[in-house]
Structure formats: C-alpha cells, structure tokens
Asker: 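My structure is below; once you've seen it, I'll send some questions.
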There are 2 protein chains.
Amino acid sequence: MEQKSSKSLQKLSELRRQHKSLINLMPLQTGGMLTDAAREALIEFGDGYSVCDFCQGSLCNITNPPIQEFVQELLPHFLGCEVATITHGAREAKFMVMHSLARPGDSILVDANRHYTTFVAAERVGLNVIEVPNSGYPEFKIDVNEYTPLIKKHVPKLILLTYPDGNYGNLPDARRLGEIAQEYDIPYVLNGAYAVGRIPISMEEMRADFIIGSGHKSMASAGPAGVLGMKKKWEKTVLRKSGTYSNKEIELLGCSIRGVPLITLMASFPHVKERVQHWDEQVAKSQWFSAALEEVGFKQLGEKPHRHDLLYFDAPMLYDISKRVRERGYFLYKELKDRGIWGPQPGLARSFKLSTFAADRRQLGFVIDSFKTILNKYS
Amino acid sequence: MEQKSSKSLQKLSELRRQHKSLINLMPLQTGGMLTDAAREALIEFGDGYSVCDFCQGSLCNITNPPIQEFVQELLPHFLGCEVATITHGAREAKFMVMHSLARPGDSILVDANRHYTTFVAAERVGLNVIEVPNSGYPEFKIDVNEYTPLIKKHVPKLILLTYPDGNYGNLPDARRLGEIAQEYDIPYVLNGAYAVGRIPISMEEMRADFIIGSGHKSMASAGPAGVLGMKKKWEKTVLRKSGTYSNKEIELLGCSIRGVPLITLMASFPHVKERVQHWDEQVAKSQWFSAALEEVGFKQLGEKPHRHDLLYFDAPMLYDISKRVRERGYFLYKELKDRGIWGPQPGLARSFKLSTFAADRRQLGFVIDSFKTILNKYS
C-alpha cells in the first residue's frame, strides 16, 4: 500500500501530455489552444488567488488586472450584448440562466442537437426538456420554424438553440429563431460555445436574450472558462445580488472564475477578436478538407455545403479494418498518432469528428495523405 | 473609441502582476502558491481542454493524466473520507451539498464566522440560514455546544462549521460538533478551506458527513479549484447521476474543473501531503510572529494562544497615522510594498489580516522590523 501510494505520488510530480506537439484536429481542443500572451499570463498569474490582489469585493470590478474593462466594455461589444459576465464555462452559464428564469416543473424548449450539458443543467434545476427534432441522417438539420408549434403547445420558460452543435457543426437559422422568440415573447438563449471566438457573432443581430461562449472551446483559453452576455433587462434576474452582500451576485456565488483561466481568456482576447474576422477562410478550408476526405471514401454528415470547422465523418472502410486488427477501433488513433496527428477520439473508427480550425492547409494536406496511406496499408 | 479600444487590447497582451516576487502574507494567497511541479504542469496542460485527451465520458475516471487515481484513491485517503470529488472551489462544493440535501424554505445552521459564500450558496438554494453566534470581541470564538439548542429549535437540514474561519483563524471543536451531529442525526458539513492542505485533518475523525477544501486557498493550486469529501452514504444524493446520461453527475453538470487548475492541484499534491506533517512548526511560527507584533503595539484578535497562520490585528497607531497622511489607509500598503512585503488589503490600516504560512522566520523577522520602522517614520 505504502509502495503503491509512493508510486502514485511520483506520477503526479511528472505529469506529461502525450499530444502536446501533434497536429491537433480534436474538436474540443482546436479553438482552445493558448496564444503566446496567454501562456505568459499563465505563469504570471498561476499562483492561487493572484488575480484578486486588488479586489474590492467583486471580481468583475477589479481594475488591475483590467478585469472590469474586459467584462464591462470589451466583452459586451464583442458579443453584441448589453451586459456580460464570466462563468466557469458554457454549461455553468446555461445552469445559471435556467436557474434564474425557471422553476422546478417548468418546461424549456431546446434543439435536439444540444450538448448533453444543456439537458443536465435543466435536470439540475428540475425542468422538463422538450426537444425540437433534427432532420435525421445524413444532415441532422434543425429547422427553427419547428419551434413555433412547440412554443404554442408547451409555453416554455425559455428556448435554447445550439449554434453550431458540437456533433455536426450545423448552423441553424439563429436570427429567424430570434424573430420567433420576440413574436411569442419568450427568452431566447443562444449557446455559441463553438461560435463565440471563432465566428463573428452578435447577440443583438440574432435577436437573442442571452449568448453563451466557452473560453476553453473557442476563445484560446485554459479550461474551464466561459462568458455570458445578456440584454440589460435580464441583469436584475440573472445577476441579482445577495440580500445580505450587496456586491455579490447570487448565481456566481460571489465570484466565478477567480483564477488563471480568466487571465488566459483576457490575454488571448486581442487575438481572438482579430481571428473571427478570418472566419470565411476557416469555412473554405473546412470545405476543401471535407471534399478531400470524401474523395478518399469517407462520408461527411451534417450540413452541405458545410459552414463550420467541426466535421463528422462516417468511415465504413475504417470500421471494416477495425474488425480484423488486434487494436480494434484504437488502430486509427495509433496510426494517426504515429504520424503526428491527434484528432479522432481514441477507440473510434467507424465514425469520427474532426475540426480543421487549428491546422493550416499544409498540415491538413498531410492529414489527407495519411488517411490514404493508412487505408492502403490495411487494404 | 477605436483608440481607446486599441489601448485596452494592448493592455491585455501584457498582463503583469505587481506582487509576484514580494514576501507574501496575503491570507487568501499564502496556501495557494504553486509548487515547481505545478508550474510545469501549468504549461504542459495549459491549452483549453487538454486534460480531456483520454476522456471516456467522465472527468474523474480519466486515467491519463491519472485523475481517477487522484480523486478515487489519493484524495479520500488524504481527506479521511470514503468518496471524494473535485469542484470549482469551496463555495461551489457548499452549494452542491446544500442543493442536494435541502429544499427552498428549509433551514440550515452555520457558525457566525462562516465565509460570506456560505450565506450566498444558501441564498442560491433558497434556504433560511440560522447562525450560531461567536463570543464577540476580542476572541470571536464559536462554542459548538451552542449548536444543540438551535438544532432542537429549528430542525435544520444540515449544519456547517467553518474550520478555521477566514477572519480570525479560530479552530472550534469540530470533533465535538461531530458528536452532536451524530446524536441528532443531522448531516454535518466541515468547511476546511483553510485547513485541508495546511493541517492534518480527517473527516472521519471529526465525525463529519462532508469535508470541503480549497485548491487555491490551501492546496498550492491555481484558482479556482476545490475538493469535496463525503461519507459513502451521501454519494447517491450529492453525486446522483443524470437520468439520461448515466455517467454524468448532475451537481457537477457532468464535469467540474475540466482544465488546468485541476492539473496544478494534482501536481502539487505530493508536496501538500507532506507539508501538513509540519503543521506544528507553522503554529509555532505564527505564535512567535503574533507575539512580536503585539510587542510592537498591535493587538491580535481571535483565539489565544493562536493555532493557525491566519492572524487578525487591530492597529490603532496605524489608524492614527492614516488620518493625517495624504495616502490615507493606503499608506500601509505602500510602505510595505516599498519594502518588498505584500499582505494587508490595500486601503486598510486600522485593522488587517495576515498569514504567516508562506514566509519563513527570516522573512517574518524582516516584516516585524519593517512595521517598527514604519511606525518610527511617522511618529
């Protein structure tokens, strides 16, 4: 026991990441790779509560480092909203909005492509979740007009749209849903965990009441970190203050990301603000890559033409191989890793998700060639 | 506007911390300074979701890095509990326990020295908070026997004790309260945000149902990070799984600190586990320092003899000075900073809190001399 414990402790003092220098196509990770500025800030503010040196009682009012300016000026402008705050992540933002706007037993309406945490956040509040179905195989599209009859039927406390979803990278008509939400006067939450920080997006243009972003997924930030933007009219509901501590927001338990993920979010922000201007190049790159993999014989699911870097492929030939090799589904992970590529979830070969966001065309060309080589090797 | 925005962005790309290399006496910070191993891990796992490379659906079951072993073996052993998990911090742990064990309108019983977040977490759930008073000036002690009549009167859903509190560093009789909790069969939450990682402590020995620790406050971790230990019998209540996603804990929204604070918590753990063995040296150092500052003319509030590194001083002479200098209360912060010392909250001089945890006796001797010099300078 003592020996085992000593071995376990030894492991903790030498933590290493196997995938650090590989070409990264992992959908959860390509938008969260740190900038150099964020990497420096990580060390500068790594110690415990060091962002709170000059706290006067409220995280979002700290002026050194300039958290106040970031949260109260830069973020609202970037998100196209009136009021913004920072959260532990997109799921925590969803929970705080649901917990503020709905009561146990209430219903909410969400798209069927929503992240699992949309469901779990609702479960934590005790809500009934009604889903707007997608179009099924192969595109799995959400038609936002289908919200209308379900709004009439269930009178939900809020509606939520995932833009894009994390499986297929589909971008439903968020603006049209904003019109529907206004028509029926229902609070509208736009979950942009894979949009904010990648795509130029404005809550106001989408006519949403709330917009949610993820620092680690799409804003070049360490995990966990998120942002939440809203209309001014919701500030008193979602950011309501404690009855006893007048500068503490109840839903944030006083302060949310009181530490280094916030600093990386801030340090990367100038880069993130700039990079969304090049979104059209990202879309062109993704379409080019998808077409090349379809030529190899994989089938891209989700919308076509595709308008996001998140891609889902069916790969029956890889599945056939996995059935006859020793490593089973892990053979794909291993073959790609041997070539310096990291992307599909280890163990999956039949279908897999990739993101082209962080790799350049030269690297993606190498990925395409690698898939060809792997198929040839096992044919 | 454009010019202002560009200046704001420039500031974000060069974030610097003024207090980084000073002697640190800041109570919120002395237990959260990173180890060298944690500093390396910070860079290694800084990118977004990089701890999740080998996730199979549950953060606490990831084996590479060895999160599973840390959370399921090392932590329970360290905390003296049966089941452990990781949280965004102590306040989030308090909220999840309250949210799981009580319903809106229920009452809970807490010590009057509790952190403000104990109150705000209860407010978020909708609970009535009843406080066990302290003994008032100058010791502000909690007599845990006073929980008994209030338990009888209010039948609370849980009781909570802050051990020690963050103001005075008082250590009430947590073990005796455990006996009371067992006698009345009431769930007992021990908030050890300033104990776990500093003091050898065992939930089981204290006869508590839950124990809460803070990574950034006391476990040499980046913020925000926390730990929650519990008796096995509470696992199904507090760590209940989603009805739809059977591997996702509802109160954690699936996963809690899915990022770099967790990695620093793990990387520092071997050091933290070792350092609690030297707690008696910490107490002796704190008592020596407190006695020396009392000789200078300050008055230490809270328990005497003191048994923790958190110290609260009344300093009427400094207050007198602050009334006649241009910098007002900030003069103390400035004078100390000029001498390479960082501790009292900027702006406070009448009374202030310090922690002797991170400084050695030579450094603390310099701090004592500096206070003498400052008093002489303005006398």
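Within every chain, numbering begins at 1; the chains are lettered A, B, ... in the order of the sequence lines, protein sequences first and strands thereafter.
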Asker: Sort out for me which of A:Gln56, A:Glu14, A:Gln18 touches chain B most, counting heavy-atom pairs under 4.5 Å.
Answerer: A:Gln18
Asker: Using a 4.5 Å cut-off on heavy atoms from C-beta on, say whether the side chain of A:Pro261 contacts that of B:Pro261.
Answerer: yes
Asker: Decide yes or no for B:Met96 and A:Arg124: does some side-chain heavy atom of the first lie under 4.5 Å from some side-chain heavy atom of the second?
Answerer: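 In contact.
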Asker: Could you tell me how the ring of B:Phe119 sits relative to the ring of A:Tyr245: parallel (under 30°), tilted (30 to 60°) or perpendicular (over 60°)?
Answerer: perpendicular
Asker: Can you name the nearest heavy-atom pair linking B:Val120 to A:Gly254, along with the distance?
Answerer: CG1-N, 4.4 Å
Asker: With a 4.5 angstrom heavy-atom cut-off, could you sort out which part of B:Glu73 is near chain A: side chain, backbone, both or neither?
Answerer: side chain
Asker: Kindly check if the number of other-residue, nucleotide or ligand heavy atoms within 6.0 Å of CG (B:Asn61) is above 12?
Answerer: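 Atom CG in B:Asn61 is packed in, count exceeds 12.
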Asker: At a heavy-atom distance under 4.5 Å, which candidate from B:Val260, B:Leu252, B:Thr35, B:Asp36 has the highest pair count against chain A?
Answerer: B:Val260
Asker: As an exercise: rank A:Met33, A:Arg240, A:Glu251 by heavy-atom pairs under 4.5 Å with chain B and give me the winner.
Answerer: A:Glu251
Asker: Measure A:Lys94 against the heavy atoms of chain B and call it side chain, backbone, both or neither at under 4.5 Å.
Answerer: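 No part of it gets close to chain B.
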Asker: Do A:Glu92 and B:Arg258 meet the salt-bridge criterion of a basic N to acidic O distance under 4.0 Å?
Answerer: yes
Asker: If you count heavy-atom pairs within less than 4.5 Å of chain B, which of A:Val51, A:Leu34, A:Ile43, A:Thr30 leads?
Answerer: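 Looking at each option in turn, the highest pair count goes to A:Leu34.
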Asker: Side-chain contact test, heavy atoms from C-beta onward, threshold under 4.5 Å: evaluate it for B:Ser50 versus A:Lys20 and give yes or no.
Answerer: no
Asker: Measure distances from A:Leu262 to the heavy atoms of chain B and classify the residue's part below 4.5 Å as side chain, backbone, both or neither.
Answerer: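 Neither part.
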Asker: At a heavy-atom separation under 4.5 Å, does A:Asn64 approach chain B through its side chain, its backbone, both, or neither?
Answerer: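 Just the side chain, heavy atoms under 4.5 Å.
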Asker: If you count heavy-atom pairs under 4.5 Å between each of A:Pro346, A:Ala38, A:Cys255, A:Ala41 and chain B, which one has the most?
Answerer: A:Cys255
Asker: Pick one of side chain, backbone, both or neither for A:Leu74, based on which atoms fall under 4.5 Å of a heavy atom in chain B.
Answerer: side chain
Asker: Of all of A:Ile257, A:Asn24, A:Leu28, A:Thr117, which one pairs up most often with chain B through heavy atoms under 4.5 Å apart?
Answerer: A:Leu28
Asker: In terms of ring plane angle, is the pair A:His19 and B:Phe54 parallel, tilted or perpendicular, where the classes change at 30° and 60°?
Answerer: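 Judged by the thresholds at 30° and 60°, the geometry between A:His19 and B:Phe54 is tilted.
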Asker: Name the member of B:Glu69, B:Gln29, B:Arg16, B:His88 that forms the most heavy-atom pairs with chain A at distances under 4.5 Å.
Answerer: B:His88
Asker: Tell me which of these, B:Ala121, B:Gly347, B:Gly32, B:Gly48, has more heavy-atom pairs under 4.5 Å with chain A than the rest.
Answerer: B:Gly48
Asker: Indicate the atoms forming the closest heavy-atom contact of B:Gly243 with A:Glu123, along with that distance.
Answerer: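 In this case the closest contact between B:Gly243 and A:Glu123 is N-OE2, 2.5 Å.
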Asker: What part of B:His99 lies closer than 4.5 angstrom to a heavy atom of chain A: side chain, backbone, both or neither?
Answerer: side chain
Asker: What option among B:Gln345, B:Lys217, B:His216, B:Met219 has the most heavy-atom pairs under 4.5 Å with chain A?
Answerer: B:His216
Asker: Looking only at heavy atoms and a cut-off of under 4.5 Å, which of A:Lys11, A:Lys248, A:Gln10, A:His271 has the most pairs with chain B?
Answerer: A:Lys248
Asker: Against chain B, label A:Thr244 side chain, backbone, both or neither, depending on which of its atoms sit under 4.5 Å from a heavy atom there.
Answerer: both
Asker: In the structure I gave you, are the side-chain heavy atoms of B:Met26 and A:Asp53 within less than 4.5 Å of one another anywhere?
Answerer: no
Asker: Given 3.5 Å as the limit, does a donor-acceptor pair link the side chain of B:Glu40 with the main chain of A:Leu15, or not?
Answerer: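 No, B:Glu40 side chain to A:Leu15 backbone: no donor-acceptor pair under 3.5 Å.
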Asker: Compare every heavy atom of B:Phe95 with every heavy atom of A:Leu253, then report the nearest pair and how far apart it is.
Answerer: CD1-CB, 4.0 Å
Asker: When heavy-atom pairs shorter than 4.5 Å are enumerated against chain A, which of B:Ser13, B:Ser100, B:Ser8, B:Pro65 gives the highest number?
Answerer: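 Of the options given, most contacts go to B:Ser8.
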Asker: Which atoms of B:Ser221 come close to chain A, meaning under 4.5 Å heavy atom to heavy atom: side chain ones, backbone ones, both, or neither?
Answerer: backbone
Asker: Under 4.5 Å heavy-atom distance to chain B, tell me which part of A:Ser268 shows up: side chain, backbone, both or neither.
Answerer: neither
Asker: For a 4.5 angstrom cut-off between non-hydrogen side-chain atoms, does A:Glu274 reach B:Leu9?
Answerer: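 They are not in contact (no side-chain heavy atoms under 4.5 Å apart), so the answer is no.
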Asker: With a 4.5 angstrom heavy-atom cut-off, is it the side chain or the backbone of B:Ser256 that approaches chain A, or both, or neither?
Answerer: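 Interface part for B:Ser256: backbone (N, CA, C, O).
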